[in-house]
Asks: 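Got a structure here, written out as structure tokens. Questions coming.
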2 protein chains.
Amino acid sequence: MSIRKGRSVTISDVAEAAGVSRAAVSKVIRNAYGVSPGMRARVETAIEELGYRPSVAARALRGSSYRLGLETPHINARFMGQIMHGAKQAVDGTPYQVILAPADGPEYSTLESLADGLVDGIIAVSPLVDTAWLENLAGRVPVVMLGRHDDPRGYDTVIGDDHAGTRAVMRHLFELGHRRIAHLTEPSPVTAPGSGTPHAIRLEVYRACMAEAGLGHLTHVARRHDNTVPATRAAAELLAAPEPPTAIVAGHDDIALDALDAIVSAGMRDRVAVVGYDNTDLAAHPLIDLTSVDQQGVEMGAQAATMLLERLQGRTEPRHYIATTTLHVRGSSIPPV
Amino acid sequence: MSIRKGRSVTISDVAEAAGVSRAAVSKVIRNAYGVSPGMRARVETAIEELGYRPSVAARALRGSSYRLGLETPHINARFMGQIMHGAKQAVDGTPYQVILAPADGPEYSTLESLADGLVDGIIAVSPLVDTAWLENLAGRVPVVMLGRHDDPRGYDTVIGDDHAGTRAVMRHLFELGHRRIAHLTEPSPVTAPGSGTPHAIRLEVYRACMAEAGLGHLTHVARRHDNTVPATRAAAELLAAPEPPTAIVAGHDDIALDALDAIVSAGMRDRVAVVGYDNTDLAAHPLIDLTSVDQQGVEMGAQAATMLLERLQGRTEPRHYIATTTLHVRGSSIPPV
DNA sequence: ATGAAAGCGCTAACAG
DNA sequence: CTGTTAGCGCTTTCAT
């Protein structure tokens, strides 16, 4: 917190002030082996007095930046908050920091730009990028992917149990007596069959459950579309059908909120059930009161960051973590009328 | 998008492949003056073929990282989304990118760590840091501060018109007939009188309006407290009073949501009005339907980023932007019973 | 218009 | 235990 003017103080300044070599200062700031207590003390004093802060750029060029990058698609933003929280928690007490790189468009470019030497490791939610491409990326910098149901060798993964979570939702709705259940989800690329994205799996499980219950003919999948059809409109269209669904299974809570919006706007508040996914903070709000699947976002974020730290410490075998899910039943899942 | 193995390709590799000097490659990638079309073409081809990406660390060490840092306190997260969006929009088409640095605890350290050579400029929301300290920081790297009503020379500011916004809220409530109006806001440090933070100003204006209306004796300020008293509880206490307020003016929308939570839980849904601030996306949701002050968060973010870009291009005189406010009246501001 | 060369601030061998 | 040295990949004078 010392205040200094002008060009910033470098490791040489500290070395000079403490009467030691730059290497010695470097060792001190990295807690490296081989520094006498006396020297350490003098160096630390000098650092303090000069208000020295190591240049991230220089460190990164030579070794580590001590930054972990979290790529966050703005989609599903509320869930990302949980991830973020967990990740920060996990790096607490380490020299590492988490920075966020918001991905607007193509995820490739955001990931590349993170890998361009800015960070020592990457946590990302990029369901659509190619596995081979990711393996390659992971060869240059440690990578943990969130929400990928693939089984890669080069990077770690953290996923929720989308099968169990979705089955719990369907069972719950069936038990309530619902038969005409629709699924409202993300645009096709993210839900393409076999793509292995969480949303693709939720969709598959939805279909499977409907079929198993002998309700295959009532299967109905609606999607929002980027920049053209917001989820609210997709939901409204669902509700305007001659025989509207009695329950809507939303791909995640943000979509569920939009579904609720459409339902309320259509004056069908107590005729259509809604279930979300992620159990974001809003779900518990009494005005929303949304039944939702909790997949431990905070824990997922923490695991992801921890895995990255392990990689940074030398682990090379891949690890894959699966978070358990819990259905939180709230007021939005009413029985059919 | 080319895929390569092993150690990443450097500027030397490109230079060699194109049969030119490294300096030439550097000029090409920076669009600098003094490259023949022929050379440019060959270099670009080589870059493409090799999948070359400049190292951010190396560039930063020597000049710019082409990264703009946005420090975001997790408080008031929904508003930050607007800022973020605007900032990204503003850097679109420039070589710059926005990265986020979430500030958990002391803002000083997050700011420092951004300034440690990671970014070329900083946008921050740090109401509590010392002006002199900030001026110093701004001497090392361009800084734009959001929500600071001070008049600094070294950095730029972007603020909303908190006076006008809050006056609009109070006028609206008075016109509805409210007299017993409470204010629910952030913990004291951020609302300390004279601190010049947006929340301090909103509080002052609230007090002033109450006094001007001859209602000084009904002034009632409640606060949430970090980690001890959530806003929901502070609101609940307000409602439990013998003569509860008929309207609650919340410091921002997230607090307003908590107030609504408490009100609904207390079964006082149609007896207490609530007004928020920031007009976040949720305010318009029919289940929330929150009257709120719009202070153009997206525009604020865009302005902030633009100002940073201007600084990076050489501007040195400070600029200060004030966003206008608009009150969006919705269902949450009911008249007193 | 092009290239050679000198660093930016730091870390990692390697000597002493 | 401590210091010397050689770069990391890039930008930037300054010659040519």
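Note that these values count all heavy atoms, side chains included, but never hydrogens, waters or copies made by symmetry. Per chain, numbering begins at 1; letters A, B, ... match sequence-line order.
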Asks: Please confirm whether the backbone N or O of S65(A) pairs with a side-chain atom of D120(A), one donor and one acceptor, at under 3.5 Å?
Replies: yes
Asks: Tell me: CZ of R62(B) to C1' of dC10(C), nearest whole Å?
Replies: 14 Å
Asks: Any donor and acceptor pair, going by atom type alone, linking the side chain of R319(B) with main-chain N or O of D156(B) inside 3.5 Å?
Replies: no
Asks: Quickly work out the R42(B) CZ to dG3(C) C1' distance and round it to whole Å.
Replies: 13 Å
Asks: Given dG3(C), dT4(D), dA12(C), identify the nucleotide with an atom nearest to the side chain of S21(A).
Replies: dT4(D)
Asks: Judged by each residue's nearest nucleotide on DNA chain D, which is more toward the 5′ side, V35(A) or I29(B)?
Replies: V35(A)
Asks: Using a heavy-atom cut-off of 4.0 Å across all strands, would you classify R30(B) as base, sugar-phosphate, or nothing?
Replies: base
Asks: I'd like to know if the side chain of R59(B) reaches the main chain of L61(B), judged simply by a donor and an acceptor atom lying under 3.5 Å from each other, with no hydrogens or angles considered.
Replies: no
Asks: Find the distance R22(B):CZ to dT12(D):C1' and express it as a whole number of Å.
Replies: 12 Å
Asks: Once you round it to whole Å, what is the distance between P of dC8(C) and CG of D13(A)?
Replies: 11 Å
Asks: Taking CD1 from I11(B) and C1' from dC8(C), how many angstroms apart are they, rounded to a whole number?
Replies: 15 Å
Asks: Ignoring hydrogens, what is the shortest heavy-atom contact between S195(B) and A192(B)? Give both atom names and the distance.
Replies: OG-O, 2.6 Å
